[in-house]
Amino acid sequence: MTTIEKKSTKTRELVFKWIMFTSAILGMGMAASLFPLSANVLFVMIPSTYVLLFAKPVMFERLKLTTLLIPKFIMIFAALRFFNPQLLVDFLILMLIVNILEATFTDLLKHKKYYNAISGFVLAIGVIGLKGMWSYSAPVGNFYLVEGFNLTATICYIIAYTIWNWIFVTDEFSPAVALMHIGFLLAPIIGCISTLWMGAAGGFGMWMLLRSNTLAIGGWLQIGTKDWFEKEYHNDRFAKFIEKVQSTPVQIVLMIINIILIGIVLYYAIKGNYIGYTFPPLAAPQM
């Protein structure tokens with residue numbers, strides 16, 4: 001086998017491994033989203049708890065996985081109607097801000113990546129343009145939806161978050177992990193598209209739920225087998241691509257794109273006079 005053939009074979013194998021990984025977290029993430037009392041426990045809570053206790057994650061990994069795991073426990077009680085599930089939805093929107101700021105301050109203080117940090121702060125502000133509700137009438141499962149004031153705002157927020165988060169990953173982790181995280185970020189978007197048939201109970205309103213589940217699942221997989229991923233996902237050409245992405249001109253352009261996208265989100269929120277908050281009642285509504 002020639003050198004060119006060996007490189008071609010290695011690239012093909014890498015693509016297939018990436019597809020298998022992305023498909024796995026998408027499938028488990030979809031199941032966990034639609035069935036919080038069963039698949040959520042099996043695919044998210046149990047393995048995440050095991051990894052936190054025995055896999056010795058670094059501080060950032062431990063903090064991130066913990067902030068994803070705690071709401072999963074609370075979601076069980078919400079699904080069982082121990083309290084108004086809307087309270088959980090509002091709490092999760094708040095947790096989205098916390099998670100964004102957590103990564104943003106890491107970018108700012110640890111990596112000195114000021115342009116992506118600006119994107120992160122803008123993204124945290126943009127959360128006020130999102131609204132959430134519990135999907136009582138979903139044709140499948142028992143879960144929540146979070147979306148912008150309209151579909152355009154929702155999609156703009158998703159795109160901005162995806163760009164910002166992937167750039168953060170390229171700062172925090174190796175190129176091999178950055179390649180893997182393309183699957184992390186695409187999986188919930190693919191899941192949204194595949195649930196469009198559910199009408200108002202699916203589509204891009206499911207993005208935040210799918211993102212949290214696929215991130216938790218991908219997280220315990222990454223932490224539990226990090227040496228394997230570092231070896232199997234390494235690619236010299238992709239590493240060179242990361243270097244170009246981290247250049248100052250590219251970082252500035254991406255920051256400007258994110259600011260514009262979040263500006264659109266806030267425009268629709270202000271136009272619809274949506275900005276504000278009303279506390280929901282504690283008791284679950286009668287169904």
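Index from 1, following the sequence.
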Treating [X] as the side-chain partner and [Y] as the backbone partner, does any N or O pair qualify as donor plus acceptor under 3.5 Å?
X	Y	answer
T195	G203	yes
W18	L179	yes
Y233	P175	no
W207	I189	no

- Message: Can you see whether E172 engages T106 through a side-chain donor-acceptor pair at a distance of less than 3.5 angstrom?
- Response: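 Short answer, no.
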
- Between N213 and K72, is any side-chain donor less than 3.5 angstrom from a side-chain acceptor? yes

- Message: Between E13 and T9, is the side-chain contact (heavy atoms from CB on, under 4.5 Å) condition met? List the steps.
- Response: CA-CA 6 Å; E13 290 177 349; T9 299; 3.7 Å; yes

I need the minimum non-hydrogen distance between [X] and [Y], along with the two atoms involved.
X	Y	result
A201	A138	CB-CA, 3.7 Å
D236	H234	OD1-NE2, 2.8 Å
V44	A32	CG2-CB, 3.8 Å
A79	N142	O-ND2, 3.9 Å
A160	I262	CB-CD1, 3.9 Å
I223	A55	CG2-CB, 4.0 Å

- Query: side-chain contact (heavy atoms from CB on, under 4.5 Å) between L123 and S119: does it pass, once the steps are laid out?
  - Reply: CA-CA 6 Å; L123 211 70; S119 292; over 6 Å; no

- Distance flag, aromatic centroids of Y161 and W164, threshold under 6.0 Å: yes

- Query: Around atom CZ of F238, are there more than 12 heavy atoms of other residues, nucleotides or ligands at under 6.0 Å?
  - Reply: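 Counting other residues, nucleotides and ligands, CZ of F238 exceeds 12 neighbours.
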
Rounded distance [0.5 Å steps], [atom1] in [X] versus [atom2] in [Y]:
X	Y	atom1	atom2	result
S194	M30	OG	CE	4.0 Å
F105	L101	CZ	CG	6.0 Å
I100	F121	CD1	CZ	11.5 Å
S48	L68	OG	CG	8.0 Å
S38	F43	OG	CZ	8.5 Å
I217	L65	CD1	CG	11.0 Å

Determine all donor-acceptor pairs shorter than 3.5 Å in which one atom belongs to a side chain in residues 240-250; sequence neighbours excluded.
| residue | atom | partner | partner atom | Å |
| --- | --- | --- | --- | --- |
| Q246 | NE2 | T170 | O | 2.9 |
| Q246 | NE2 | D171 | OD1 | 3.3 |
| S247 | OG | K244 | O | 2.7 |

- Item | Residue list, side chain to side chain contact (heavy atoms under 4.5 Å, CB included) with F149, at least two apart or on another chain |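 So F149 forms a side chain to side chain contact (heavy atoms under 4.5 Å, CB included) with Y268, Y274.
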
So [Y] and [X], do their side chains get closer than 4.5 Å, heavy atoms only?
X	Y	value
K17	F21	no
F73	M45	yes
M133	V89	no
L108	K110	no
Y115	L254	no
L96	L92	no
T162	R211	no
I76	P36	no

Applying a strict under-4.5 Å side-chain criterion to I, L, V, M, F, W and Y, I'd like to know whether [X] and [Y] cluster together.
X	Y	answer
M206	W197	yes
L109	V169	yes
L215	L63	no
L282	W134	yes

- Provide the full list of side chain to side chain donor-acceptor pair (under 3.5 Å) pairs with a residue in residues 88-100, sequence neighbours left out, each pair given once. K64-N99, T67-N99, Q86-D90, D90-Y277

- Aromatic rings H111 and F168: how do their planes relate, parallel, tilted or perpendicular, breaks at 30° and 60°? perpendicular

- Query: Parallel, tilted or perpendicular for H181 and F184, by the 30°/60° rule?
  - Reply: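 Rings of H181 and F184: parallel, under 30°.
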
- Take V41 and I46 through the side-chain contact (heavy atoms from CB on, under 4.5 Å) test and state the conclusion after the steps. CA-CA 6 Å; V41 176; I46 293 176; 4.0 Å; yes

- Verify side-chain contact (heavy atoms from CB on, under 4.5 Å) between F35 and N40, making sure each step is shown before the conclusion. CA-CA 6 Å; F35 304 105; N40 172 47; over 6 Å; no

